[in-house]
Amino acid sequence: MRPDTPAENVDHNAEAARLERTADRYPEDAEALLVQAAAHLELAGDRPAASSLYDRLLAAQDGLENPFLVRALKAANLWEYGHEAEARAIIEGVRAAAPRDPAPWVIVAEALESHDELEQAQETFTGGARVLLTDVAEPPYSTHPLLFGRHRVRRMLGLAHDDWDTLADTLHTSPVSLDELHDPKRVWSLGSDNPAELKAEISRLRAELGTFREALSRPFPVAVLHWPASELSELLAAYPSLESEYPSHEEHLATIEESLRELSSSGTPNLGIVSGTVPSYEAFAASEGMSPAEVSLLPQYATTLAARGRAVEWPPQRGTACWCGSGRVYGECHGE
């Protein structure tokens with residue numbers, strides 16, 4: 001069940017409780033599950049309970065994959081039920097940390113925007129763009145909301161277009177332009193009795209809905225399965241028939257990079273890599289009633305890991321470590 005499902009169609013408290021129970025059973029997926037549970041609690045109106053879940057995650061911060069995302073979500077939630085000072089302090093901490101993930105930047109910027117802090121929101125969107133997109137030729141799919149949000153706030157502030165605004169216009173695929181969608185004067189058309197203005201606004205709303213649906217249709221990346229060296233050795237020792245799929249670890253890594261580049265060149269957006277473990281794979285095979293030696297099970301396993309929030313974005317952001325685990329910067333490793 002999606003956390004954005006309307007309250008009248010789902011019991012959000014029950015769904016949050018179910019996700020918490022699932023997190024207890026699958027601790028390796030607890031971070032993604034509890035973040036989703038907190039979203040359900042926010043939709044149910046129980047914001048203090050949602051904050052408690054964020055605190056539960058942050059208490060185990062050393063094990064979090066996305067601590068700044070959790071902090072950003074907590075700040076946005078706190079502000080909504082009167083804890084503005086604490087929310088602002090967390091937001092400043094997230095901005096100062098300059099995370100390499102666009103999601104925390106977008107969340108804290110939109111929190112500022114929703115509370116009419118437009119200058120601060122614009123600075124936050126711009127800060128995220130500066131960290132993530134400086135000298136980047138092709139912005140990754142995950143950074144598009146950062147550019148679109150920045151464009152929206154700058155239009156509200158009446159600022160002239162700059163290069164990143166132009167880039168946002170280029171990336172936007174809706175038949176209605178960003179300038180029109182983000183026109184501050186749109187609010188006046190909602191109260192108009194002019195049929196032409198109302199018709200134009202309906203067209204804009206349909207375009208926005210189409211863009212929103214498109215984003216929801218790709219909730220997780222198209223992911224390629226990666227086996228760390230030790231895990232691949234264990235996998236092949238247990239299931240030798242898979243050696244035809246994985247002749248060597250070096251060839252496995254090269255195939256991953258080649259596959260992702262082919263997908264990218266064909267126009268497939270939102271690509272990622274998921275790392276498997278033998279115990280997790282065997283448990284997945286058992287749940288599907290299949291043998292782990294079945295080659296056809298491997299892409300299903302990769303998709304399941306991606307759906308659980310285990311995917312790492314490809315290509316990695318500029319200056320970050322390579323996905324293969326070598327410890328080298330991606331541009332000096334598989335990104336060469």
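Remember, predicted model here, so these are calculated numbers, not experimental data.
Relative orientation of the Tyr301 and Phe284 rings is tilted, given thresholds of 30° and 60° on the angle between their planes. Between Trp79 and His115, the ring planes are parallel. Angles under 30° get that label, and only those over 60° would be called perpendicular. By the 30° and 60° cut-offs, the orientation of the rings of His226 relative to His249 is tilted.
The two residues Leu19 and His40 come nearest to each other via the heavy atoms CD1-CD2, 3.6 Å. Of all the heavy atoms in Glu313 and Pro140, the pair that sits closest is OE2-CB, 3.2 Å. Nearest heavy-atom pair across Ala302 and Leu225 is CB-CB, 3.9 Å. Smallest separation of non-hydrogen atoms from His334 and Ala254: NE2-N, 4.5 Å. Leu305 approaches Ser280 most closely through the heavy-atom pair CD2-OG, 4.3 Å. Counting all heavy atoms, side chain and backbone alike, Asp29 lies closest to Arg310 at OD1-CD, 3.3 Å.
Put simply, the residue from Leu34, Val70, Leu78 that forms a side-chain contact (heavy atoms from CB on, under 4.5 Å) with Tyr54 is Val70.
With hydrogens and angles left out, the side-chain atoms of Tyr281 and Glu234 include no donor and acceptor closer than 3.5 Å.
Taking the six-membered ring wherever Trp is involved, the centroid distance between the rings of His151 and His161 falls below 6.0 Å. In summary, the aromatic rings of Trp105 and Phe68 are positioned with their centroids too far apart to meet the 6.0 Å limit. Ring pair His144/Tyr141: centre-to-centre distance below 6.0 Å.
Residues Asn270 and Ser142 have side chains not in contact (no heavy-atom distance under 4.5 Å, counting atoms from C-beta outward). Inter-residue side-chain proximity for Asp162 and Arg154 is flagged as met; some heavy-atom pair is nearer than 4.5 Å. You'll find the side chain of Tyr246 reaches within 4.5 Å of the side chain of Leu235, heavy atoms only. Between Pro139 and Leu167, the closest side-chain pair of non-hydrogen atoms falls below 4.5 Å. Between Trp323 and Cys333, the closest side-chain pair of non-hydrogen atoms is not below 4.5 Å. Counting only heavy atoms from C-beta outward, the side chains of Ile256 and Ile273 approach each other to under 4.5 Å. Inter-residue side-chain proximity for Val295 and Leu242 is flagged as met; some heavy-atom pair is nearer than 4.5 Å. Within the 4.5 Å cutoff, side-chain heavy atoms of Leu41 are placed close to those of Asn13.
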Run the side chain to side chain donor-acceptor pair (under 3.5 Å) test on Glu245 and Tyr239 for me, step by step, so that the C-alpha distance in whole Å, both residues' side-chain angles and the decisive distance to 0.1 Å come before the verdict. CA-CA 11 Å; Glu245 188 74 12; Tyr239 310 103; over 6 Å; no
Apply ring-ring contact (aromatic ring centres under 6.0 Å, His included) to residues Trp164 and Phe125 and explain how you reach the verdict. CA-CA 11 Å; Trp164 276 327; Phe125 278 125; over 10 Å; no
Taking it one step at a time, do Gln300 and Ser296 satisfy side chain to side chain donor-acceptor pair (under 3.5 Å)? CA-CA 7 Å; Gln300 297 177 44; Ser296 62; 4.7 Å; no
Run the side chain to side chain donor-acceptor pair (under 3.5 Å) check on Gln122 and Arg152 step by step: do they pass? CA-CA 9 Å; Gln122 193 273 148; Arg152 180 181 61 249; over 6 Å; no
Would you check, one step at a time, whether the test side-chain contact (heavy atoms from CB on, under 4.5 Å) holds for Glu113 with Met156? CA-CA 10 Å; Glu113 179 187 356; Met156 294 173 68; 4.0 Å; yes
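Of the inter-residue distances, the one linking Tyr26 atom OH with Arg21 atom CZ reads 13.0 Å to the nearest 0.5 angstrom. Rounding to the nearest 0.5 Å gives a distance of 6.5 Å between CD of Glu288 and CG of Leu297. Rounding to the nearest 0.5 Å gives a distance of 8.5 Å between CZ of Arg150 and CG of Leu159. In this structure, the separation between CG on Asp179 and CG on Asp165 is 8.0 Å, given to the nearest 0.5 Å. Here the straight-line distance linking atom OG1 of Thr124 with atom CZ of Arg95 works out to 3.5 Å at 0.5 Å rounding. The distance from atom CG of Leu69 to atom CG of Leu73, rounded to the nearest 0.5 Å, is 4.5 Å.
Proximity of a side-chain donor or acceptor of Ser265 to a complementary backbone N or O of Glu262 within less than 3.5 Å is detected. In this structure, Glu15 contributes its side chain and Ala37 its backbone to no donor-acceptor pair below 3.5 Å. In this structure a side-chain-to-backbone donor-acceptor pair under 3.5 Å is present from Ser52 to Pro48. The main-chain N or O of Ala229 is found under 3.5 Å from a side-chain atom of Ser233 such that the two form a donor-acceptor pair.
Follow the hydrophobic side-chain contacts under 4.5 Å out from Leu118 and you reach Leu146 in the same cluster. Put simply, Leu236 and Met290 are part of the same group of oily side chains (I, L, V, M, F, W, Y) that touch within less than 4.5 Å, one to the next. Under the 4.5 Å side-chain contact rule for hydrophobic residues, Leu57 and Val94 do not share a cluster. By the criterion of side-chain heavy atoms lying less than 4.5 angstrom apart, applied directly or through intervening Ile, Leu, Val, Met, Phe, Trp or Tyr residues, Leu253 is grouped together with Tyr330 in one hydrophobic cluster. Both Val278 and Leu298 belong to a common hydrophobic cluster when Ile, Leu, Val, Met, Phe, Trp and Tyr are linked at side-chain heavy-atom distances under 4.5 angstrom.
Taking a cutoff of 4.0 Å between a charged side-chain nitrogen and a carboxylate oxygen, Arg56 and Asp24 qualify as a salt bridge. The existence of a salt bridge linking Arg88 and Glu117 is confirmed by a sub-4.0 Å separation between a basic side-chain nitrogen and an acidic carboxylate oxygen. The pair Glu258-Arg261 does not count as a salt bridge, with every side-chain nitrogen at least 4.0 angstrom from each carboxylate oxygen.
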